[in-house]
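Letters A, B, ... are given to chains in the order of the sequence lines, protein chains preceding strands, and every chain is numbered from 1.
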Amino acid sequence: MINEYAQVTLFLGAALSTGVASISAGFGEGQTAAVTTKAIMRQPGARDIMLRSMLISQAVTESGAIFALVISLLLLFGGFLDESVDLAKAFSFLAAGMAMGFGSMGPNFGSGFAGSNACDAIGRTPSQHIPVTTNMLIGQALSQTSAIFALVVSLLLLYTVPNMAENQEILHQVVKACAYFGAAFAIGFGTLGPGSGIGFIAGKTCQMIARYKEKQSYFMRTMFLGAAVSESTAIYSLVVAFLLIFM
Amino acid sequence: MSEKAFNLKKVIIIFFVIQLILSFFLYKKVHIGKDAETGKFSVSLVTEYEDLQETINKDIQPDRYIAEEKLPNPEQFTYNSKTIYNIFKKWFGNSAVLNFRLWRMLFFLDIFIILFAFYVRKRIKFIPSKIQLLMETFYLFLEDLVIETLGEKRKRFTAYFVTLFLFIWISNQVAILPIPGISEPTRNLNVPLGLGIMAVLVVHYNAIKKKGLVNYIKGYMEPLVFMLPLNAVGEVSKIISISFRLFGNIFGGAIITVVVSGLTKYIIVPVGLNLFFTMFQGTIQSFVFTMLALTYLSIEIAE
């Protein structure tokens, strides 16, 4: 009886994870491609360099969507369908999908912004493509740290929640299910701001490095400082999600 | 430049043609190693009839595969290398069964990297050969990055970062070989986690060495004393972010390749997926890992 509920939540979770994450990943990659096209029109001589940077940035932007796809495929093929589970575990499937889906939205958008700004900067000064691409990779990696927090929360929801809790009272089960939902909301919406914010920082830093090459280490240090401060809110939501899962 | 690009293209094309030819034998895979019945070394095509769930369990979740008792004995799972398997089991107990594949891959890779390093070192000449030129270009590229971020005095860190990059890169590229039993070690969470812990430990060791213990601890109490736990969580989150990024990308590529090639009966599609996930994404992710380790270090010790 309960198992059929579990199937419903599992399929919903798998759909939500990839579906929601793909929105911003596709948007970010498209933005990068659009900016690159414009930049190539401006400087057709540096076409190869720009195409390469565009592909690299899109591949890194995509990794948030890949994390979401991993969670979806683990939900579908991870063998959870065969097990008999209680209400709380059933809702933890949906929570895992939601955490990853909403959690990779901001980071994907931010990475897309960083990539598009980097491609724009390379389009203006193609001779600086190596420092700009390096900085873009680091910035995108920083912005995707919050997506990785969401991945960790999803994996914890999938693998540490017991199939059958000791307390099988219906009220206790509902409370537990709400706690898992709360964890998903905390990490899902908590990473929306930091992910896109760090993307803005990285994008502007790429622009600045292309303009003033000699100040590169100064810009990068500022970027790290800003990213660390911006990321602290994602860490707060990670802590809250851990507390909700394990308390 | 054009010569080098041409050679790389040739290697890629040869790999994919081999894979394409193999993929046309439906349900067949190349088996290299001891034959189960005769005990002799052999290379043969093995026919496999498996449903999708079973393939995924075998590739991604070996513990579940063994737990479902699809195999009479788990030793068969380790592709019949019984002697080494027995030694491992004697030393480390039954749990070694699950990690046997990982350990074997790590062992092969370490041997390969060490032999490759000796090979390159032995053939160093004043007029470089092609392989020496490639390695020198690569080394100088990373050395320039290290000098740019850490300063001229700390050039000695280059060797560490080159090793880190080469190890991760070669482990990511291994998955191109279409041989069952060969998988990326980085697919298993233990390897990226170990690498990430190592990278962060290097950072903290050098930070303590440079600042002194008291100043190092004071650094955690900025801007206020009660921020100490949150700063500590931030340090742990460095390990999580650096290792789960590599793990998520490689594991994602592996699981997507397995699922899609299972759905399409191993025709053509795995080639394209390998091109993106193994060659492209694997290279980028190993570079990102190296760069992040470098920048974590540069935050603490750069002048």
J.: Quick one: OG on Ser217(A) to CG on Leu150(B), what's the gap to the nearest 0.5 Å?
T.: 11.0 Å

J.: In terms of heavy-atom pairs under 4.5 Å, which option from Gly253(B), Ser237(B), Gly234(B) contacts chain A the most?
T.: Ser237(B)

J.: Working to the nearest 0.5 Å, report the span between CD of Glu148(B) and CD1 of Ile130(A).
T.: 9.5 Å

J.: Examine whether an atom of Ile56(A) lies under 4.5 Å from a heavy atom of chain B, and if so say whether it belongs to the side chain, the backbone or both; otherwise answer neither.
T.: both

J.: Test side-chain contact (heavy atoms from CB on, under 4.5 Å) on Phe77(A) and Ile255(B) and set out the steps.
T.: CA-CA 10 Å; Phe77(A) 295 110; Ile255(B) 195 172; over 6 Å; no

J.: By a 4.5 Å heavy-atom criterion (distance strictly below it), what part of Ile240(B) contacts chain A: side chain, backbone, both, or neither?
T.: both

J.: Would you compute the distance between atom CG of Leu69(A) and atom CD1 of Ile256(B) and round it to the nearest 0.5 angstrom?
T.: 4.0 Å

J.: Would Phe247(B) and Leu155(A) count as a side-chain contact (heavy atoms from CB on, under 4.5 Å) here? Give the steps.
T.: CA-CA 12 Å; Phe247(B) 162 73; Leu155(A) 287 176; 4.2 Å; yes

J.: Could you tabulate the donor-acceptor pairs under 3.5 Å formed by side-chain atoms of residues 233-247 of chain A, not counting sequence neighbours?
T.:
residue: Thr233(A); atom: OG1; partner: Ser230(A); partner atom: O; Å: 2.9
residue: Ser237(A); atom: OG; partner: Thr233(A); partner atom: O; Å: 3.2
residue: Ser237(A); atom: OG; partner: Ala234(A); partner atom: O; Å: 2.8

J.: By a 4.5 Å heavy-atom criterion (distance strictly below it), what part of Leu55(A) contacts chain B: side chain, backbone, both, or neither?
T.: both

J.: Does the side-chain contact (heavy atoms from CB on, under 4.5 Å) test come out yes or no for Arg245(B) and Thr145(A), once each step is laid out?
T.: CA-CA 8 Å; Arg245(B) 172 174 297 114; Thr145(A) 305; 3.5 Å; yes

J.: If you compare all heavy atoms of Gly252(B) against all heavy atoms of Val70(A), which two are closest, and at what distance to 0.1 Å?
T.: CA-CG2, 3.1 Å

J.: Could you report the tightest heavy-atom contact between Asn249(B) and Ser63(A), atom names first, then the distance?
T.: OD1-CB, 3.0 Å

J.: Would you check, one step at a time, whether the test side-chain contact (heavy atoms from CB on, under 4.5 Å) holds for Thr295(B) with Met220(A)?
T.: CA-CA 9 Å; Thr295(B) 37; Met220(A) 278 178 82; 4.2 Å; yes

J.: Measure distances from Ile242(B) to the heavy atoms of chain A and classify the residue's part below 4.5 Å as side chain, backbone, both or neither.
T.: neither

J.: Working to the nearest 0.5 angstrom, can you tell me the gap between Leu294(B) CG and Ile138(A) CD1?
T.: 7.5 Å

J.: Kindly give the heavy-atom pair with the smallest separation between Gly248(B) and Ile66(A), and that separation in Å.
T.: O-CG2, 4.3 Å

J.: Between atom CD of Glu62(A) and atom CZ of Phe280(B), what is the distance when rounded to the nearest 0.5 Å?
T.: 10.0 Å

J.: So for Gln216(A), is it side chain, backbone, both, or neither that comes closer than 4.5 Å to the heavy atoms of chain B?
T.: side chain

J.: Side chain, backbone, both or neither: which part of Ile299(B) has a non-hydrogen atom closer than 4.5 Å to chain A?
T.: side chain

J.: Crowded around Tyr139(B) OH? As in, over 12 foreign heavy atoms under 6.0 Å?
T.: yes

J.: How long is the straight-line distance from OG of Ser298(B) back to CZ of Arg221(A), given to the nearest 0.5 Å?
T.: 7.5 Å

